[in-house]
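Written out below as structure tokens is the structure these notes cover.
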Number of protein chains: 2
Amino acid sequence: MIGRLNHVAIAVPDLEAATATYRDTLGAKVSPPQEEPDHGVTVVFIELPNTKIELLEPLGENSPIQAFLDRSPSGGIHHVCYEVDDIISARDRLKEQGARVLGNGEPKVGAHGKPVLFLHPKDFNGTLVELEQA
Amino acid sequence: MIGRLNHVAIAVPDLEAATATYRDTLGAKVSPPQEEPDHGVTVVFIELPNTKIELLEPLGENSPIQAFLDRSPSGGIHHVCYEVDDIISARDRLKEQGARVLGNGEPKVGAHGKPVLFLHPKDFNGTLVELEQA
């Protein structure tokens, strides 16, 4: 069912510093920052040849990554995102097997303009999993 | 400098259960478990179209992932691995810029038979970074 790894998301307390680390120290190609107010984050994409790293900084009140940074002030790997061909059939298959979908269970439009869902970390080895329609 | 994302490693307390989750619930292609006594882990590879997920379970005494699982008993994302063309020149460039290389600074042979190094998480936004020679 799952296809490509769309991205790995890393929560960071200081997006400018993290951008400099990836651009200057690791020599990667880094996009300009993009504000995603609907998701409560500012995002920078690290473009690797086969996938992307997303650096996430909290934006506004009630950012969904603030609690993560409160626990891990230096930042850390926040989630992985797998692509699926059909997000509704993927969701239904996962729910049948007892996996919990976060929120109200309906896909939202993600940072790439495509429908996304998040799955409960307790059902996936402590890993927050995002599914994105390919 | 960094190239492809070689893999994302997820530490798990129960490799058989995690394998079943990826194979049966997420419908992914999963390799048989492989013991890596030199690295203190048993590994299962999840083969995605563009990269791999490695599930890691502690093996033997003093496994390097045991402390991580003591802090996060359900498991969690442990590290990301980026490919580099020349691991010695990558290491020297990183050290010049003040990044800390773990261990004695010399590459070891990793799970894929290629030289690898680990970089200090405090220098990379709380993220343990492995470099592997491509």
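In the text below, chain A, chain B and the rest are named by the order of the sequence lines, each starting its count at 1. None of the values given here were measured: they were computed from a predicted structure.
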request  = Among A:Pro49, A:Gly98, A:Pro73, A:Ala17, single out the residue with the greatest number of heavy-atom pairs under 4.5 Å to chain B.
outcome  =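 Among A:Pro49, A:Gly98, A:Pro73, A:Ala17, the one with the most close pairs to chain B is A:Pro49.
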
ask   = If you tally heavy-atom pairs under 4.5 Å against chain B, which of A:Pro121, A:Gly76, A:Ala11 wins?
value =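 Highest number of pairs under 4.5 Å: A:Gly76.
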
key: Verify same cluster id: B:Ile88, B:Leu117 (apolar side-chain graph, 4.5 Å)   =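 B:Ile88 clusters together with B:Leu117.
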
query = In terms of hydrophobic clustering (I, L, V, M, F, W, Y; side-chain heavy atoms under 4.5 Å; direct or indirect links), are A:Val101 and A:Phe124 co-clustered?
reply =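 Per the 4.5 Å side-chain linkage, A:Val101 and A:Phe124 are co-clustered.
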
message = Looking at every heavy atom in both B:Val41 and B:Ser63, which two are closest together, and how far apart are they?
response =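 Residues B:Val41 and B:Ser63, closest heavy atoms: CG1-OG, 4.2 Å.
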
message = Is it the case that the side chains of A:Gln66 and A:Asp70 hold a donor-acceptor pair, with the cut-off being a distance below 3.5 Å and no angle test?
response =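 Their side chains do contain a donor-acceptor pair, which is all the 3.5 Å distance test asks for.
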
message = Would you say B:His7 and B:Glu130 are linked by a side-chain donor-acceptor pair, where the criterion is simply a distance under 3.5 Å?
response =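 Present: a donor and an acceptor within the cut-off.
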
Could you tell me whether the side chain of [X] and the main chain of [Y] form a donor-acceptor pair under 3.5 Å?
{"X": "B:Asn125", "Y": "B:Thr127", "answer": "no"}
{"X": "A:His120", "Y": "A:Lys122", "answer": "yes"}
{"X": "B:His39", "Y": "B:Pro64", "answer": "no"}
{"X": "A:Ser74", "Y": "B:Gly126", "answer": "no"}

ask   = Checking A:Asp123 against chain B: side chain, backbone, both or neither under 4.5 Å from a heavy atom?
value =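 Interface part for A:Asp123: backbone (N, CA, C, O).
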
message = Which atoms of A:Val84 are under 4.5 Å from chain B, going by heavy atoms: the side chain, the backbone, both sets, or neither?
response =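 No part of A:Val84 comes within 4.5 Å of chain B.
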
message = If the contact rule is any heavy atom under 4.5 Å from chain A, which residues of residues 50-61 of chain B qualify, in numerical order?
response =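 Residues B:Asn50, B:Thr51, B:Ile53 are the ones that qualify, each having a heavy atom under 4.5 Å from chain A.
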
key: Distance in Å, B:Arg91 CZ paired with B:Leu131 CG, rounded so as to fall on 0.5 Å steps   =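 Separation between the atoms: 11.5 Å.
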
task = Kindly compute the distance separating OH (B:Tyr22) from CD (B:Glu47), expressed to the nearest 0.5 Å.
result =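 CD of B:Glu47 is found 14.0 Å from OH of B:Tyr22.
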
ask   = Just checking heavy atoms, which of residues 24-31 of chain A are less than 4.5 Å from chain B?
value =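 Within residues 24-31 of chain A, the residues that come under 4.5 Å of chain B (heavy atoms only) are A:Asp24, A:Thr25, A:Leu26, A:Gly27, A:Ala28.
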
query = Who wins among B:Val12, B:Leu48, B:Thr21, B:Leu5 for the most heavy-atom pairs under 4.5 Å with chain A?
reply =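 Greatest number of close heavy-atom pairs with chain A: B:Leu5.
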
ask   = B:Val8, B:Asp14, B:Leu119, B:Ile10: which one forms the most heavy-atom pairs within less than 4.5 Å of chain A?
value =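 Looking at each option in turn, the highest pair count goes to B:Ile10.
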
ask   = With a 4.5 Å limit on heavy-atom distance, are the side chains of A:Gln133 and A:Glu83 in contact?
value =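 Result no, sub-4.5 Å side-chain heavy-atom pair not found.
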
